[in-house]
Amino acid sequence: MGERPGKIAIFEQFAADGMTTMFGNPGTVEQGFLDVLEQLPGFDYVLALQETVAVGIADGYARATAGPALVQLHTGVGLGNAIGMLYQAKRGHSPLVVIAGDAGVRYDAMDSQMAVDLVEMAKPVTKYATRVTHPASLLRVLRRAVKTAMTAPRGPVFVALPMDVLDELTAEPAVASTIPTRAVLPVGEELDRAVAALRGAANPIVLMGDGVAVSGAQAELARVAELLGAPVWGLDNSELNMDSAHPLYRGQLGHMFGEVSARAVADADAVLVVGTYTFPEVFPSLASPFRDGARVVHVDLDDWEIAKNFPVDVALVADPRPTLAALADRLVEAGAVSTTAPTTWTRPEVGADSPLIEVFAAELAARAGDGLVVFDEALTASPGLVKHLPPRQPGDYFLTRGGSLGVGIPGAIGVKLARPEAEVVGFTGDGGSMYTIQALWTAARYDVGAKFVICNNHRYELLDLNIEQYWRERGVDPHPHPDGFDLGRPDIGFAELARGLGVESVRVEKPEEVPAAVRRMLAHDGPFLVDLVTA
């Protein structure tokens, strides 16, 4: 490839790693390589109006492709804007490759305008953060970042790219990054220990998380649960890790209060934890929720998460898919027989008193048919949504994760960009949508035909529920919720906002308006928003 400026070489490296789309918001210290990008055929720049949106779209894109997504931020100010969404990506193990420019290494001593330690800013919300300081190692550092992002447990990485380094010549070859496999299986003795801990249990239980989906272990997980006769609960469970219509699936454990998890596992005498950790609540139990004598087996590729909070009996740092397959074979050899009869899921009826979200979800399910992809940030409206649109197939459902509001609209855009043939509908709340409403402009600019539904209850309703729990715990008499939870004064005109950003829209306030709105949304060629007034 010979010598060429680093600002050209980086795009050769990105292309070698299959990254030909950059999500970002431009800035002065990135203008050199963004100017190069404009001259490159086959390389796309997806402009977002704020860095949070750029990361949110990239997060959805990475989740839909199961590959790396490239994000450009604008030095420290842009990185600061993106911190919350990067935290979400870190908690969700999204393999984002995030770059930002700075004025140059030569100016480090000057404390000039926008000077900041980008690496230290990025460290808390990334798996790996670094800065390139010499052109001879520019591509080497980028490959290291891609390898780190894509090696399980995956996660976002950050690389600072000073302008003067990118202006210098480099002779480094651009070759594909090496992604090591972690498809490892425990030795036989450890598998036997796991089987001994699980078989014969009177009240077994399975706790699963997104490590199952990353491994592609959904079928293997279901088989082990069936052989154990164990109910399955989701923990930190935002991908499709098990068919939610499976007779053993019990749903999601709460992400907020530890006593919810404690009640679910209280009677278990054997616990299999796969692809997650115990327990990911905001207010977790400080004491072990497992009963005395309960045998716990934990399988995950993330050794940090195993026994992080509570001891386990068998700790297997291994790939869930081959490990679960091996456990199932050993359980059969030990005499385990599945007694779980398959069932056919029947869509529930909606009636005159059904909540509007259920009326809408039922109509969408009836009209969209197979192939619908849902991005769910509906939060308090989510139970009604999944009641009629249960997650069934891998890749057809993505749930918000990490606690950052505002991922619903950009996440759906990212999924649609990754899977243009799919019908993608993103659900969010009125509060969450306002963190990233400007993402609609990006959908309009690039004619991204995702659809968006804002579940508009005029409140941060989740905060209502949480403070009521707070009052109960402390014996506080119920009283009006804080005024800061109210979003109804003034009423937000989401349909008007959408149209102002170039997206067609409709407001729905009554059940009888739902069929026409769903028909119009699905028939529209391009992005479309429904303001669904649920309260």
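Quantities reported herein were computed from a predicted structural model and do not represent experimental measurements.
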Peer 1: How close do S505 and R499 get, counting heavy atoms only, and between which atoms?
Peer 2: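 Minimum heavy-atom separation between S505 and R499: OG-NH1, 3.0 Å.
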
Peer 1: Relative to the ring of F14, is the ring of F11 parallel (under 30°), tilted (30 to 60°) or perpendicular (over 60°)?
Peer 2: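 Perpendicular, since the angle between the ring planes exceeds 60°.
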
Peer 1: Side-chain donor-acceptor pairs under 3.5 Å in residues 406-424, sequence neighbours left out?
Peer 2:
unit_1, atom_1, unit_2, atom_2, d
K416, NZ, P420, O, 3.0
K416, NZ, A422, O, 2.5
R419, NH1, G395, O, 2.4

Peer 1: Heavy atoms, side chains only, cut-off 4.5 Å: are L253 and N237 in contact?
Peer 2: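 No, too far: nothing below the 4.5 Å cut-off.
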
Peer 1: Where do A171 and E3 come nearest, in terms of heavy atoms and distance?
Peer 2: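 Heavy atoms only, the tightest pair is CB-CG, 4.0 Å.
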
Peer 1: Just checking, is any N or O donor in the side chain of H134 or E168 under 3.5 Å from an acceptor N or O on the other one?
Peer 2: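 Per modelled atom types, H134 and E168 side chains form no pair under 3.5 Å.
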
Peer 1: How far apart are the closest heavy atoms of G76 and V116, and which atoms are they?
Peer 2: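 What the structure gives for the nearest pair is CA-CG1, 3.6 Å.
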
Peer 1: State, yes or no, whether a side-chain contact exists between V453 and M521 at a heavy-atom distance under 4.5 Å.
Peer 2: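 Contact flag for V453/M521 side chains = yes.
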
Peer 1: What about the rings of F283 and F257, do their centers lie closer together than 6.0 Å?
Peer 2: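 Centroid separation for F283 and F257: below 6.0 Å.
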
Peer 1: Are D17 and Q13 packed together at the side-chain level, in the sense that at least one heavy-atom pair is separated by less than 4.5 angstrom?
Peer 2: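 Yes, side chains in contact.
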
Peer 1: What is the distance from atom CG of L372 to atom CD of Q393, rounded to the nearest 0.5 Å?
Peer 2: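 If we round to the nearest 0.5 Å, L372:CG and Q393:CD are 12.5 Å apart.
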
Peer 1: Decide if atom CZ of F310 counts as having more than 12 heavy atoms of other residues, nucleotides or ligands within a radius under 6.0 Å.
Peer 2: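 Counting other residues, nucleotides and ligands, CZ of F310 exceeds 12 neighbours.
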
Peer 1: Between D300 and K308, does any NZ, NE, NH1 or NH2 come within less than 4.0 Å of an OD or OE carboxylate oxygen?
Peer 2: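 Between D300 and K308 there is no salt bridge, as every charged N stays at least 4.0 Å from the carboxylate O atoms.
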
Peer 1: If I take atom NE2 from residue H93 and atom CG from residue L301, how far apart are they, to the nearest 0.5 angstrom?
Peer 2: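 The distance works out to 10.5 Å.
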
Peer 1: To the closest 0.5 Å, what do you measure between CG (L364) and CZ (F427)?
Peer 2: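 Answer rounded to 0.5 Å: 5.0 Å.
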
Peer 1: Could you go through F43 and L70, starting from their C-alpha distance and side-chain angles, then the distance that decides it, and tell me whether this counts as side-chain contact (heavy atoms from CB on, under 4.5 Å)?
Peer 2: CA-CA 12 Å; F43 210 105; L70 179 61; 4.1 Å; yes

Peer 1: Can you tell me how far apart OH (Y460) and NE2 (H481) are? Round to the nearest 0.5 Å.
Peer 2: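 One gets 15.5 Å once the value is rounded to the nearest 0.5 Å.
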
Peer 1: Closest heavy-atom contact between V146 and S177?
Peer 2: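 Shortest heavy-atom contact: CB-OG, 3.6 Å.
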
Peer 1: Does any N or O in the side chain of E239 come within less than 3.5 Å of the main-chain N or O of V214, such that one atom is a donor and the other an acceptor?
Peer 2: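 Flag not set: sc E239 to bb V214 has no pair under 3.5 Å.
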
Peer 1: Name all residues meeting the side-chain hydrogen bond (donor to acceptor under 3.5 Å, both in side chains) criterion together with R489; count only those two or more places apart in sequence or in a different chain, and write none if there are none.
Peer 2: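 Residues passing side-chain hydrogen bond (donor to acceptor under 3.5 Å, both in side chains) with R489: D483, D486.
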
Peer 1: Pick from D430, I492, T534: which one makes a side-chain contact (heavy atoms from CB on, under 4.5 Å) with I454?
Peer 2: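 Per the side-chain contact (heavy atoms from CB on, under 4.5 Å) rule, the option paired with I454 is D430, out of D430, I492, T534.
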
Peer 1: About how many Å separate CG of L379 and CG of L399, when rounded to the nearest 0.5 Å?
Peer 2: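 Going from the CG atom of L399 to the CG atom of L379 covers 8.5 Å.
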
Peer 1: A149 and V97: which non-hydrogen atoms are nearest, and at how many Å?
Peer 2: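 Taking every non-hydrogen atom into account, CB-CG2, 4.4 Å.
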
Peer 1: Is the shortest side-chain heavy-atom distance between V530 and F360 below 4.5 Å?
Peer 2: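 Yes. Closest side-chain heavy atoms under 4.5 Å.
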
Peer 1: Run through V105, L118, T133 and flag the one making a side-chain contact (heavy atoms from CB on, under 4.5 Å) with P162.
Peer 2: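 Considering V105, L118, T133, a side-chain contact (heavy atoms from CB on, under 4.5 Å) with P162 is found only for V105.
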
Peer 1: Tell me if the CG atom of D525 is crowded by more than 12 foreign heavy atoms within 6.0 Å.
Peer 2: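 Open: at most 12 neighbouring heavy atoms sit under 6.0 Å from CG of D525.
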
Peer 1: Side chain of N457, backbone of A535: donor and acceptor closer than 3.5 Å?
Peer 2: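 Side chain of N457 to backbone of A535: no pair is present.
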
Peer 1: With heavy-atom distances below 4.5 Å as the criterion, would you say the side chains of R143 and V175 are in contact?
Peer 2: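 Result yes, sub-4.5 Å side-chain heavy-atom pair found.
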
Peer 1: Just checking, is any N or O donor in the side chain of T170 or R140 under 3.5 Å from an acceptor N or O on the other one?
Peer 2: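 T170 vs R140: no donor-acceptor pair found between side chains.
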
Peer 1: Got a donor-acceptor contact below 3.5 angstrom from the E172 side chain to the L139 backbone?
Peer 2: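 Yes, E172 side chain to L139 backbone: donor-acceptor pair under 3.5 Å.
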
Peer 1: Closer than 3.5 angstrom, by distance alone: can the side chain of D210 be matched with the main-chain N or O of S238 as a donor-acceptor pair?
Peer 2: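 Between the backbone of S238 and the side chain of D210 there is a qualifying donor-acceptor contact (under 3.5 Å).
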
Peer 1: Kindly say whether T278 contributes a backbone atom to a donor-acceptor pair with the side chain of N309 at under 3.5 angstrom?
Peer 2: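 Yes, because the side chain of N309 sits within donor-acceptor range (under 3.5 Å) of the backbone of T278.
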
Peer 1: Where is the tightest heavy-atom contact between L385 and A378, given as atom of each residue plus distance?
Peer 2: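 The pair with the smallest heavy-atom distance is CD2-CB, 4.4 Å.
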
Peer 1: Got Q88 and T400 here, is their nearest side-chain heavy-atom distance under 4.5 Å?
Peer 2: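 Yes. Closest side-chain heavy atoms under 4.5 Å.
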
Peer 1: Set out, in order, the CA-CA distance, both residues' side-chain angles and the distance that settles side-chain contact (heavy atoms from CB on, under 4.5 Å) for R507 and F494, then state yes or no.
Peer 2: CA-CA 8 Å; R507 183 177 173 100; F494 289 105; 5.6 Å; no

Peer 1: Given D376 and S382, is the side-chain hydrogen bond (donor to acceptor under 3.5 Å, both in side chains) satisfied, shown in steps?
Peer 2: CA-CA 7 Å; D376 180 4; S382 184; 2.5 Å; yes

Peer 1: Might you work through the side-chain contact (heavy atoms from CB on, under 4.5 Å) test for E30 and T75, ending with a clear yes or no?
Peer 2: CA-CA 8 Å; E30 294 84 23; T75 192; 4.2 Å; yes

Peer 1: Short question: side chain of K7, backbone of D35 - any donor-acceptor pair under 3.5 Å?
Peer 2: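 No, K7 side chain to D35 backbone: no donor-acceptor pair under 3.5 Å.
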
Peer 1: Distance check, rounded to the nearest 0.5 Å: S215 atom OG versus R182 atom CZ?
Peer 2: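 Those atoms lie 12.0 Å apart.
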
Peer 1: Apply the test side-chain contact (heavy atoms from CB on, under 4.5 Å) to residues F158 and L79: give CA-CA distance (whole Å), side-chain angles for both, the deciding distance (0.1 Å), then the verdict.
Peer 2: CA-CA 10 Å; F158 174 82; L79 177 57; 4.2 Å; yes

Peer 1: Are V98 and V55 close enough that some pair of their side-chain heavy atoms sits under 4.5 Å apart?
Peer 2: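 The answer is no; the side chains never approach within 4.5 Å.
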
Peer 1: Keeping the roles fixed (side chain from T276, backbone from L235), state whether a donor-acceptor pair exists under 3.5 Å.
Peer 2: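 Looks like yes, one N/O pair under 3.5 Å.
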
Peer 1: Are N81 and Q50 side-chain neighbours, meaning at least one heavy-atom pair lies under 4.5 Å?
Peer 2: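 They are in contact (side-chain heavy atoms under 4.5 Å apart), so the answer is yes.
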
Peer 1: Does Y61 offer a backbone N or O that forms a donor-acceptor pair with the side chain of T65 under 3.5 Å?
Peer 2: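 Here the side-chain-to-backbone pair exists.
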
Peer 1: Counting N and O atoms only, with roles assigned by atom type, does the side chain of K123 sit under 3.5 Å from a partner on the main chain of T130, one being a donor and the other an acceptor?
Peer 2: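 Judged by distance alone, no pair lies under 3.5 Å.
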
Peer 1: Is there a donor-acceptor pair closer than 3.5 Å between any side-chain N or O of S285 and the backbone N or O of E259?
Peer 2: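 Judged by distance alone, no pair lies under 3.5 Å.
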
